[in-house]
Amino acid sequence: MSQLAEKRCIPCRGGIPPLTAEEIKPLLDQLEGWSVADHHHLRKLVQFPDFKTALNFTNKVGALAEEEDHHPDIYLAWGKVELTLWTHKIDGLTESDFVMAAKIDRIS
């Protein structure tokens with residue numbers, strides 16, 4: 001299990017550069033099933049046997065997002081949930097995006 005999941009998301013105030021490709025790789029290596037698109041955002045597709053199970057997972061992610069004050073984009077459909085994470089204030093990735101992803105991995 002990733003030690004990232006033990007950290008807290010830290011709200012970004014802006015004014016910092018997004019993570020570089022070199023900084024992203026070791027963080028991505030600690031996650032399960034996530035990919036990075038354009039060095040800009042994290043993405044994961046989680047599949048389920050039905051809509052109800054996918055909705056239950058979505059609700060758990062929503063509750064976690066509120067606890068961490070870090071909110072992914074969530075696409076819910078029958079049998080699948082697609083998650084997208086990035087830090088809007090800097091229009092790129094921060095460590096908190098990877099922390100949130102690791103926390104989501106614990107409930108998926």
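When a residue number appears, it is its place in the shown sequence, counting from 1.
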Worksheet item: Any side-chain heavy-atom pair from L64 and K60 closer than 4.5 angstrom?
Response: no
Worksheet item: What distance do W34 atom CH2 and R43 atom CZ have between them, rounded to the nearest 0.5 Å?
Response: 10.5 Å
Practice prompt. Evaluate whether atom CZ of F51 has more than 12 neighbouring non-hydrogen atoms of other residues, nucleotides or ligands under 6.0 angstrom away.
Written response: yes
Worksheet item: When rounded to the nearest 0.5 angstrom, what distance separates CG in D73 from CD in E82?
Response: 9.5 Å
Worksheet entry | Residue pair D105, K44: steps toward the side chain to side chain contact (heavy atoms under 4.5 Å, CB included) verdict | CA-CA 10 Å; D105 283 347; K44 183 174 186 173; 2.6 Å; yes
Practice prompt. Look up atom CG in D69 and atom CE in M100, then write down how far apart they are to the nearest 0.5 Å.
Written response: 10.0 Å
Worksheet item: What pair of heavy atoms forms the shortest contact from A21 to H39, and how long is it?
Response: CB-CE1, 3.3 Å
Item to complete: Test H70 against every option in T87, T94, D97 by the side chain to side chain donor-acceptor pair (under 3.5 Å) rule and name the one that passes.
Response: D97
Worksheet item: Which heavy-atom pair separates A65 from P72 by the least distance, and what is that distance?
Response: CB-CD, 3.8 Å
Worksheet item: Do K7 and F98 pass the side chain to side chain contact (heavy atoms under 4.5 Å, CB included) test, and can you show the C-alpha distance, the side-chain angles, and the key distance before you say yes or no?
Response: CA-CA 10 Å; K7 294 183 175 187; F98 291 86; over 6 Å; no
Practice prompt. Decide whether I90 and V36 are clustered together by the hydrophobic rule: side chain heavy atoms of Ile, Leu, Val, Met, Phe, Trp, Tyr closer than 4.5 Å, transitively.
Written response: no
Worksheet entry | Qualifying residue for side-chain contact (heavy atoms from CB on, under 4.5 Å) with F57, from I104, L76, I74 | I104
Worksheet, complete the sentence: Closest heavy-atom pair, S108 versus V46, reported as atoms and distance to 0.1 Å, is CB-CG1, 4.4 Å
Worksheet item: Would you say T53's side chain and P49's backbone share a donor-acceptor pair under 3.5 angstrom?
Response: no
Discussion item. Side-chain heavy atoms nearer than 4.5 Å, only ILVMFWY residues, links allowed to pass through others: does that put W78 and Y75 together?
Written reply: no
Worksheet item: If you take all heavy atoms of A54 and V81, which pair is closest and at what distance?
Response: O-CG2, 3.6 Å
Worksheet item: Any Lys/Arg nitrogen of R106 or E32 sitting under 4.0 Å from an Asp/Glu carboxylate oxygen of the other?
Response: no
Discussion item. How close do H40 and W86 get, counting heavy atoms only, and between which atoms?
Written reply: O-CB, 3.3 Å
Discussion item. Within the 4.5 Å heavy-atom criterion, are L27 and E23 side-chain neighbours or not?
Written reply: no
Worksheet item: Ion pair present between K103 and E67, side-chain N to carboxylate O less than 4.0 angstrom?
Response: no
Discussion item. Applying side chain to side chain contact (heavy atoms under 4.5 Å, CB included) to L28 and L42, what does each step give before you reach the verdict?
Written reply: CA-CA 9 Å; L28 184 61; L42 290 169; 4.1 Å; yes
Item to complete: For E66 and G62, indicate whether the former's side chain and the latter's backbone hold a donor-acceptor pair under 3.5 Å.
Response: no
Item to complete: Check the hydrophobic clustering (I, L, V, M, F, W, Y; side-chain heavy atoms under 4.5 Å; chains of links allowed) and say if L45 and F48 are grouped together.
Response: no
Discussion item. Please find the pair of heavy atoms, one from E95 and one from L19, that lie closest to each other, and give the distance.
Written reply: N-CD1, 3.8 Å
Discussion item. Determine whether I24 and L93 satisfy the following criterion, side chain to side chain contact (heavy atoms under 4.5 Å, CB included), listing intermediate values before the conclusion.
Written reply: CA-CA 8 Å; I24 288 170; L93 291 167; 3.8 Å; yes
